[in-house]
Number of protein chains: 2
Amino acid sequence: MTWLDLPPDTGFGPDNLPYGVFSTEPDGPRRVGVAIGGHVLDVSRLDVPAADALATGSLNALMSRGRATWDALRARLQELLADPAHRAAVEPHLLPREAVTLHLPVEVADYVDFYSSQHHAENLGRMFRPDSEPLTPNWKHLPIGYHGRAGTVQVSGTPVVRPSGQRKAPADDGPTFGPSQRLDIEAEVGFVVGTPSELGRPVPLSAFPEHVFGVCLVNDWSARDLQAWEYVPLGPFLGKSFLTSVSPWVVPLAALEAARVAPPARQPQPLPYLDDTGEPWGLDLTLEVRLNGELVSCPPFGSLYWTPAQQLAHMTVNGASLRTGDLYASGTVSGPQRDQRGSFIELSWGGTELLALSDGSTRTFLEDGDVVTITATAPGPDGTRIAFGEVTGRIQPTP
Amino acid sequence: MTWLDLPPDTGFGPDNLPYGVFSTEPDGPRRVGVAIGGHVLDVSRLDVPAADALATGSLNALMSRGRATWDALRARLQELLADPAHRAAVEPHLLPREAVTLHLPVEVADYVDFYSSQHHAENLGRMFRPDSEPLTPNWKHLPIGYHGRAGTVQVSGTPVVRPSGQRKAPADDGPTFGPSQRLDIEAEVGFVVGTPSELGRPVPLSAFPEHVFGVCLVNDWSARDLQAWEYVPLGPFLGKSFLTSVSPWVVPLAALEAARVAPPARQPQPLPYLDDTGEPWGLDLTLEVRLNGELVSCPPFGSLYWTPAQQLAHMTVNGASLRTGDLYASGTVSGPQRDQRGSFIELSWGGTELLALSDGSTRTFLEDGDVVTITATAPGPDGTRIAFGEVTGRIQPTP
């Protein structure tokens, strides 16, 4: 409910209210904004809780205040946008979205990437380890994850410079050096930690909504040739660390209550710290992946084997602490259908199948000049939709 | 040369001058200090370059100023300590080391852990992958590394709470959950980045001293049972992320000129971006590992196959940027001899050989109450020694 005149399918209605960081001049002072329809609301100028935390260059100050503050701020914003009595006070602070520059919303502390889509893991397993079972023996016992490079997490729109590195085809005697020939995406969903935790104290499943502030989209750009050569035995490194793009908008966890769904049945039964019976955090998000504007995949997030609550519980069960600004991503989201795969290595089956585009061209991996854009929507209350801001990037040639 | 009365073997003479962060009350304001003999010099109170950057709670402000400032500050400190004319101005700011609390010296940005000791990698390969060649095919072509958890890097002395997690012995049907039964150390050397780099611009080998501010000791505590179960295919995660301890003192790179040595011969020849002919950065550090005070190992850092300059060049060759505060560690340092192994999994050969201690007890892995302390020295100019501050920790039972 709002006095703003919004199209019914906006996805950025008053039930969403995602947070971002913007400036009116590209290099001007940054502050927190909220997306509403086609506008950015300059919330630090309003009479709202935690207003001091909103006049800063990242969401971290707000996120560190904790769930009670997040809820109070959200309730107040909904009230301001619902009651026409507040229109005169609010309207001057609504800026057209085209008129602002959006920045990296979060000062990222640690970045962790999971691997929780069974379809993706099986697809990759078949391609990377054709002589073994597609899922490693641990896969259904724990959400496999690893730490990525926090310093190269950048906001949507950051150019994707094709990385160079070592790659070795199986037939080659040794590695060669040069630009990646298998540049790829990973369509993922990211979870941003607000409330920190103490070293040595695991965070139980039930505390997920106390710690996680919100949800964004993530494109974990990947150089598959670099990755394939380097990743045994210690995991991905340079094949991933050149860039990870995130959407500029962080959707509050509270906006996703209507999107909660039961996760897939797990067999074998997870260990008690991962047993989410009664408090499942599956989320019915549908991602859309577009290459140069053309829809190539619709990965279903709700199909993920491990939920973000299980990922959080696992990540901390050894006593590892959380910091405000920690970002963890789901891993590539892939569904069972070909047009639900969240990476080009899957869409092209390791480069062996051409993906035909409507302009008559074909792709296996990404070419210079290609633009990849990921969006998502989720069910909101009363039949509304919750939209996520896009995460996009254009491939630039190696300098 | 100094007017201070220092024992000749101090290791903390005027050719060292490592930087740390201290407070006079445990929770009092923090500032930068320099170790000299048994004292901490409160350098922010002196007439020195960058004094404003020294009255802060980490080395990051100083580190971000760059090599020219680091060199100017170091030269000025050496002058102040050499010329008795400055004694009256300096002496009031010398505090007994016992009188201060030392803190985490660096606000850690990204943490990367390498795997660059051939002896260690071969030992681990034999134990973790007995059916394969001990070194993976990529090992001699690139310095293998992975990102670790920056948020759990803590200063020496932080209690080591035994982590819980999933572990599965080969004979077990499935994993069980509980405290790690194979708690271990990794004796490593860490390199702290001062000068950042731009996204998309690799840092060449030759730029190592422009970017790296200094060197510390690292104990990358490891739960081998958690690690063995989780690490395929994406690398170590919870087996490492519960705690990484660093020494409170960061030795300036400039203090290690006399310690530079040629690294081992490499075969095959590294690719050009890793070819360090003519500018080798091998460093003749000898580590000492003590368990409950008893020397159990002397790992030789100079034997590492890949140098820290090569690690830096590799880490950024894909265009990944550096931030002030990035920390990268060498990987466990192990020499060819049994008493040069830098971890208990090697000292006990996977828990199959008992390590006999002088009190009559034996160890394979660490027991609750055990204290592990790592120190190191390197050659300084004119026959002096450069000492590193210890990194220590006591194992506490799982709560």
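Proteins get letters first, then strands, A, B, ... in listed order; numbering begins at 1 in each.
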Report summary line: From the list A:A223, A:P399, A:P137, A:G174, the residue making the most non-hydrogen contacts under 4.5 Å with chain B is A:P137

Query raised in the report: Under 6.0 Å from the CD atom of A:Q396, do we count more than 12 heavy atoms belonging to anything else shown?
Result: yes

Query - B:H314 to A:L238 - nearest heavy-atom pair and separation - result: O-CD1, 3.0 Å

Query raised in the report: Under a 4.5 Å heavy-atom cut-off, does chain B meet the side chain of A:L124, its backbone, both or neither?
Result: neither

Query raised in the report: Do side-chain atoms of A:N318 reach the backbone of B:G239 as a donor and acceptor pair under 3.5 angstrom?
Result: no

Report task. Return the option, out of B:G319, B:A121, B:G125, B:S164, with the maximum number of heavy-atom pairs under 4.5 Å with chain A. Result -> B:S164

Query raised in the report: Hey, are the side chains of A:P233 and B:I144 touching, using non-hydrogen atoms and a 4.5 Å cut-off?
Result: yes

Query raised in the report: With a 4.5 angstrom heavy-atom cut-off, which part of A:R129 approaches chain B: side chain, backbone, both or neither?
Result: side chain

Requested in this report: Look up atom NZ in A:K240 and atom NE2 in B:H147, then write down how far apart they are to the nearest 0.5 Å.
Outcome: 12.5 Å

Query raised in the report: Do A:S321 and B:T152 come close enough that some side-chain heavy atom pair is under 4.5 Å?
Result: yes

Query raised in the report: Heavy-atom distance under 4.5 Å to chain B: side chain of A:T158, backbone, both or neither?
Result: side chain

Report summary line: The reported gap from OH in A:Y231 to CG in B:N138 (rounded to nearest 0.5 angstrom) is 10.5 Å

Requested in this report: Any chance you could measure A:F177, atom CZ, to B:Y273, atom OH, to the nearest 0.5 Å?
Outcome: 6.0 Å

Query raised in the report: Does any heavy atom of chain A fall under 4.5 Å from the side chain of B:D113, the backbone, both, or neither of them?
Result: neither

Query raised in the report: Where is the tightest heavy-atom contact between A:L199 and B:F242, given as atom of each residue plus distance?
Result: CD1-O, 3.5 Å

Report task. Measure up the B:F114 and A:F237 rings against each other and bin them: parallel (under 30°), tilted (30 to 60°), perpendicular (over 60°). Result -> perpendicular

